[in-house]
Amino acid sequence: MARVGVFVCHCGFNIAGTVDVEKVAETLGKDKDVVFSTTYKYMCSGPGQTLVQEAIKEHRLDKVIIAACSPGMHEATFRSAAEDVGLNPYDVEIANIREQCSWVHDDMEKGTEKAIKIARSMVRKVVGNQPLEPVKVGVTPKVLVIGGGIAGIQAALDVADAGYEVILVEKETSIGGHMAQLSETFPTLDCSQCILTPKMVAVSRNPKIKLMTYSEVIDISGYVGNFKVKIKEKPRYVDPEKCNLCTDCEDVCPVVVPNEFDMGLSIRKAIYLPFPQAVPSTYTLDMEKCLGLDPIRCGKCIEVCDVEAIDYDVHPKIIEEEVGAIIVATGYDLYPKNMLGEYGYGEDEDIINGLEFERMLSASGPTKGEVRRPSDGKVPKRVVFIQCAGSRDPDNHLPYCSKICCMYTAKHAMLYKHHVEDGEAYIFYIDIRAAGKGYEEFIHRAMEEERIVYLRGKPSKVFRKGEKLVVWGVDTLLGEKIEIEADLVVLAMAMVPGKGTGEIIDVLNCAADENEFLKEVHPKLRPVESSTPGFFLAGAAQAPKDIPDTVAQASAAASKALSVIGQEYLEHEPAVAQVDEDLCSGCEVCISVCPYGAISPVGGHAEVNAVMCEGCGSCAAACPSGAMTLKNGTQEQIFDMIRSILQEG
Amino acid sequence: MKKVFEPRIVAFLCNWCAYSGADLAGVSRLKYPPNVVPIRVMCSGRVDPQFVLEAFREGADGVFIGGCHTPSDCHYVNGNFKTYKRKIVMDRMLEQIGINPRRLRLEWVSASEGKKFAEVMDEFIAEVRKLGPVPRMKEGER
């Protein structure tokens, strides 16, 4: 027989104003399992907690119900108070008679009646509770960072600087990400390469960081503190240890393909170095584009390589690693070209996106920093920039704001004016979002000092007319139709989750939002954690963001990951699923509904991994034989609660 | 004067969204009738159809299930979708045993939608009140 104590809080008048707390205590006192009940003005106060503790001792209570505010407020308070006098914390439950009763009702009689039902249902629940101990698990003190852009680089460096080992996986041939492609960065106009490449080199030199480029995470299992990952390393066919960057192979390679790093504005060979500052600093043979393994067909590169760095007979390697935490920093892509038919994008060479323009402005870019029209190589005298190309257009494109475009468009127009002194720059905008340190001042500089023409309105159409591109729009401030003939049109294309982000969502089975960005647990209070414990988020894979925000989030993710791997062991919530092996028929329905892969078939029945289980109870609801249940939330407990709520009187 | 029928309703609220939304309704001091008694579950996906049947069997006039918004608010990745699918089956099941499926209501209420929670409660209670008491089985049929 349980010995339950019920403690009803007045919460001043917050509860006692609408609920007859004395009557609640008196009615509950008559319950078959309740041996003691009382009320107190403020149960959460020091004297209130002491009252609970004294009653536990005096009346030898083994279960406690606190009828008070929502469990979110003081469940932890009362559980630890009870634990101090020897009770298992899971033998304490809260009956929420404030937020979901006294505060939402006016009628004293009915409010009291409902409070009694709530408290009584919680008595039924607590009677069925079993004492639980947090599950303790050891931790692998190593972090996996997926994505080698600025977010991944920063996170990896931070973890390594704290003295822990890191594996940094990047699917491209070099780390650096999109930031390596940028010319100069707002609002300071310092050169992107100059601030990024030292960090890239620092990654390659840090003995704590194992850098795996041209590699992809293909499988993951385990749970927070103890993940097992499989990483596929694609063959480069060039030994980075031997390659001395002499360029001989590249010179003889007959295959010419568009250079992805330059957004297709230049060409590269099938054997190539993506960009001069690439890390690791080595050539890669693109086997998809290479003429073939057959030396009769080509094999020129292997002939000229004096250091014998090239080897065609290499195969993908699968590497298995164990880590304690994972930081996902898989970045962004731009909204696909063919989606913006109204701006003729993808059909006309002189309509380009922001990243293409970045490459054009870059001193190491395809035009060596000169602004040239892709179609004829002429210097454009009038450039129209269109913001929100694909963003903030829920009817036709994407609903969200891509956040960085207002700033980089101002930068683009400014840099264009610096390159082409007699050039004219027009910017179409919906509104200017410049919320960041020094951002508003930067926009003002663009408008006032650099004499860039800002036009409020979104162009409806861009089309070619002979030598020129015509932009049709409306200036919504003047209410006038505008037609501008331009030499070059630059679209501030929307940011979308990187291709790698979609792939990694499938591999990790982690939550994504409605726009396929990685989803955080809480947008304000837990912004760098995924709902899967042990996964942390950094950079534009989570939402569009600029470099300062990305770096800040990467450091935050690193610190969160460190708080996991820095511990000797982790404690896991023990109210998880539980199988009755005798009842289990081994149908595996539970396995198919578990979002965490926490259930596996062992010896003809289901087995729950208590560390991976998050306690949602989906499996218990789906089990056809009643074999699966949730600790302290069993079918019987919930049936008892239902009956007690519906019991007359 | 005719006595107003007061329906008895059990509400299964998921811990992360609907229960928090219900808390917010309280914090915001929004009022709704006291006919609903909540049961907190970790996820709407925990709601076994047997819970719903048991509630009706024990004389509930209505059952409410509150979960996180689809597609992606669910704290447990996709529990809300499981509930959504179960609701379709449960509706058919209820119809077969002579209970109007409108007595079972599924709503997505986020932790920030205190107002929505109170409105949904108002509306559902009114609807069940209109439907009248749940048809009871005679003693001995159970």
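Remember, it's a predicted structure, so these values are computed and weren't measured experimentally.
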Enquirer: What part of B:Phe12 lies closer than 4.5 angstrom to a heavy atom of chain A: side chain, backbone, both or neither?
Expert: side chain
Enquirer: Can we say A:Glu99 and B:Arg40 salt-bridge, meaning some charged N sits less than 4.0 Å from an Asp/Glu carboxylate O?
Expert: no
Enquirer: Counting heavy atoms not belonging to B:Phe81, are there more than 12 under 6.0 Å from its CZ?
Expert: yes
Enquirer: Flag the pair A:Lys114 / B:Pro38 as yes when at least one side-chain heavy-atom distance between them is below 4.5 Å, and no otherwise.
Expert: yes
Enquirer: Taking side chain as everything from C-beta outward and backbone as N, CA, C, O, which of these in B:Val47 sits under 4.5 Å from a heavy atom of chain A? Side chain, backbone, both or neither.
Expert: backbone
Enquirer: Select one option (side chain, backbone, both, neither) describing which atoms of A:Glu113 are under 4.5 Å from chain B's heavy atoms.
Expert: neither
Enquirer: With a cut-off of 6.0 Å (strictly less than), are more than 12 heavy atoms of other residues, nucleotides or ligands near CD of A:Glu636?
Expert: yes
Enquirer: Go through A:Pro71, A:Ala575, A:Ser102 and name the one with the most non-hydrogen pairs under 4.5 angstrom from chain B.
Expert: A:Pro71
Enquirer: Within the distance-only criterion (no hydrogens, no angle test), does the side chain of B:Lys82 pair as donor or acceptor with the backbone N or O of A:Val593 below 3.5 angstrom?
Expert: yes
Enquirer: Provide the closest heavy-atom pair for B:Gly45 versus A:Ala621 in the form atom of the first, atom of the second, distance.
Expert: O-CB, 3.2 Å
Enquirer: Given the options B:Asn78, B:Ile39, B:Thr83, which has more heavy-atom pairs under 4.5 Å with chain A than any of the others?
Expert: B:Ile39
Enquirer: Taking side chain as everything from C-beta outward and backbone as N, CA, C, O, which of these in B:Pro34 sits under 4.5 Å from a heavy atom of chain A? Side chain, backbone, both or neither.
Expert: both
Enquirer: Show the nearest heavy-atom pair for residues A:Leu646 and B:Ala55, with the distance to one decimal.
Expert: CD1-O, 3.3 Å
Enquirer: With a 4.5 angstrom heavy-atom cut-off, could you sort out which part of A:Asn14 is near chain B: side chain, backbone, both or neither?
Expert: side chain
Enquirer: Evaluate the side-chain proximity of A:Gln100 to B:Val37: yes if any heavy-atom separation is below 4.5 Å, no if none is.
Expert: no
Enquirer: Between B:Arg8, B:Met42, B:His75, which residue shows the highest count of heavy-atom pairs closer than 4.5 Å to chain A?
Expert: B:Arg8
Enquirer: For the residue pair A:Gly633 and B:Arg46, what are the closest heavy atoms and their distance?
Expert: O-NH2, 2.8 Å
Enquirer: Who among A:Glu614, A:Met73, A:Met641, A:Lys519 has the most heavy-atom pairs with chain B under 4.5 Å?
Expert: A:Lys519
Enquirer: For A:Ala620 versus B:Asp48, what's the shortest heavy-atom pair and its separation?
Expert: O-OD2, 3.9 Å
Enquirer: Look up atom CZ in A:Phe639 and atom CD in B:Glu58, then write down how far apart they are to the nearest 0.5 Å.
Expert: 10.0 Å
Enquirer: Hey, could you give me the SG/CG distance between A:Cys616 and B:Asn15, rounded to the nearest 0.5 Å?
Expert: 12.0 Å
Enquirer: Looking only at heavy atoms, which two atoms of B:Tyr76 and A:Gly615 are closest? And how far apart?
Expert: OH-O, 4.3 Å
Enquirer: Can you tell me which portion of B:Gln50 sits under 4.5 Å from chain A's heavy atoms? Options are side chain, backbone, both or neither.
Expert: both
Enquirer: Output the option from B:Pro49, B:Gly26, B:Gly59 having the highest count of non-hydrogen pairs under 4.5 Å with chain A.
Expert: B:Gly26
Enquirer: Give me the atom names and distance for the closest heavy-atom approach of B:Gly79 to A:Ser618.
Expert: CA-OG, 4.4 Å
Enquirer: Just wondering, more than 12 heavy atoms not from B:Arg92 lying within 6.0 Å of its CZ?
Expert: no
Enquirer: Under a 4.5 Å cut-off applied to non-hydrogen side-chain atoms, are B:Lys31 and A:Trp103 in contact?
Expert: no
Enquirer: Where on B:Leu13 is there a heavy atom nearer than 4.5 Å to chain A: the side chain, the backbone, both, or neither?
Expert: side chain
